[in-house]
Amino acid sequence: MARADEADRLDPLKAFRERFALPEGVIYLDGNSLGVLPAGLSAHMKDVVEQQWGERLVRGWNDAGWIDLPARVAGKIARLVGAKKDSVAVGDSTTINVFKVLSAALSLRPDRRVILSDRNNFPTDLYVADGLARLLGQGYELKLATADEMEDAIDENVAAVLLTEVDYRTGRRYDMAAMTKHIHDKGALAIWDLCHSAGAFPVHLDAAGADFAIGCGYKYLNGGPGAPAFLYIAERHVAHVAPALSGWMGHQTPFAFTENYTPADGIARMMVGTPPILSMSSLDRALDAFDGVDMALVREKSQQLCDRFIAEVEQRCPELELATPRDHDQRGSQVSFRHPEGYAVMQALIANGVIGDFRAPDILRFGMTPLYLSHADIVTAAEILERVMRERLWDQEIYRKRAKVT
Ligand SMILES: *Cc1c(COP(=O)(O)O)cnc(C)c1O
């Protein structure tokens, strides 16, 4: 492995760091949980609030183009996930979007009753799938399997398989194209959760043959806390989907205020209610940080940063156990280590200027975001982690006290 300073000198992405407003004195390895503030975004938001909202008031829906904002943001996200512009809709949260696409998928396979997911999937995906099965009754059920059992668990009773491409704890990554093919071979539909994929590495939904997808706006896409999420429906399905959340913003003519619901022609039918223009504007501006970015280079550097972090930490902190696949083709853009006192270790690390996060029961999680992290940052972070471990800086009562958000 090249020395960190040499790798930074040759880094084709180093100029992109200027696109972000990073706080001093912090190495941020949590862009997979909440993305950083893009440079220029605060000024943009001041304009949106004071000029667009303050001055134009309700005229802003037309004059400032608010009504078309979700579709514009969708176009920017579509490029990052390998989708046609008209296959992506932006709005609501990932959780709500799981409900929207899962109910759509089930309606396309009316003879089947099983939703299959990964036992280690992010809980909200499982809670929503379970809730939807209970709502539908009629024998619908959620079945779970581990990643290793997944292929064998897909049979002719399965309507839809709901998988998160990258495991939020371990960073293990499914082979989307291969798994989608396997799902289709059994006559089921593939729904991919891209919360830890979109903006982290190249995603090719259309090429992989995915049926549906959902993803997050506030993680790798840097849209800001609680930013709107997105969903994807393959072109071949859109016209056949009757939205379960049949809201007025998905109506063909919302301002005709007709008595009956007629879905909009395309993906717009997946819109539900009034879009949150402030956070939508924030996401819109944040996505400009990806302008002209070659996601293949992002992937390459992400793998280098992850490899370097693993090598540095394993050499310096033998008591931490790697939880992420060592083969970098089998992981997303994060590195996780296990430690029984993981929560306290992470709190001590944060107190010393390296921000990652903790996921129960024992995972220390570090997200790699190549547009603003350098190889030198990675080495410094490992050095600080080494000091936290060697000097047992974590072994204090204050670091064991759990906050509401971990
Ligand atoms: C972060 C995350 C979510 C979050 O959903 P919200 O509705 O935004 O709270 C859902 N699924 C996965 C896999 C996630 O990583």
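The basis for the numbers below is simple: all heavy atoms, side chains too, and nothing from hydrogens, waters or symmetry mates. Counting starts at 1 for both ligands and their atoms, in listed order. Given the structure is predicted, the values throughout are model-derived calculations rather than measurements.
Less than 4.0 angstrom separates some heavy atom of T124 from each of these atoms of ligand 1: 10 (C). Set against the non-hydrogen atoms of S93, the atoms of ligand 1 under 4.0 Å away are 7 (O).
Considering both main-chain and side-chain atoms, T95 comes within under 3.5 Å of ligand 1 through a nitrogen or oxygen pair. Polar contact with ligand 1: present for K219 (N/O pair, distance under 3.5 Å).
Between R172 and D148, at least one side-chain N (NZ, or NE/NH1/NH2) sits under 4.0 Å from a carboxylate O, which counts as a salt bridge. With respect to the salt-bridge test (charged N to carboxylate O, under 4.0 angstrom), the residues D8 and K301 do not qualify. Salt bridge annotation for D357-R359: present, with a cationic side-chain nitrogen under 4.0 angstrom from a carboxylate oxygen.
A donor atom on one side chain and an acceptor atom on the other are not found under 3.5 Å apart for S282 and H44.
For K14, the NZ atom counts as densely surrounded, since its 6.0 Å shell holds more than 12 non-hydrogen atoms of other residues, nucleotides or ligands.
Contacts of I96 with ligand 1, taken as heavy-atom pairs under 4.0 Å, are absent altogether.
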Side-chain polar contacts of residues 69-82 - donor-acceptor pairs under 3.5 angstrom, sequence neighbours left out - could you list them?
from	atom 1	to	atom 2	distance (Å)
R72	NH2	D284	OD2	2.8
K76	NZ	D284	O	3.1
K76	NZ	D284	OD1	2.7
K76	NZ	D288	OD1	2.8
R79	NH2	F290	O	2.6

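When hydrogens are left out, the protein atom nearest atom 4 (C) of ligand 1 is Y218 OH, 3.4 Å; that is the closest non-hydrogen contact.
Atom 12 (C) of ligand 1 has its nearest heavy-atom neighbour, among L194, T164, D193, V128, in D193.
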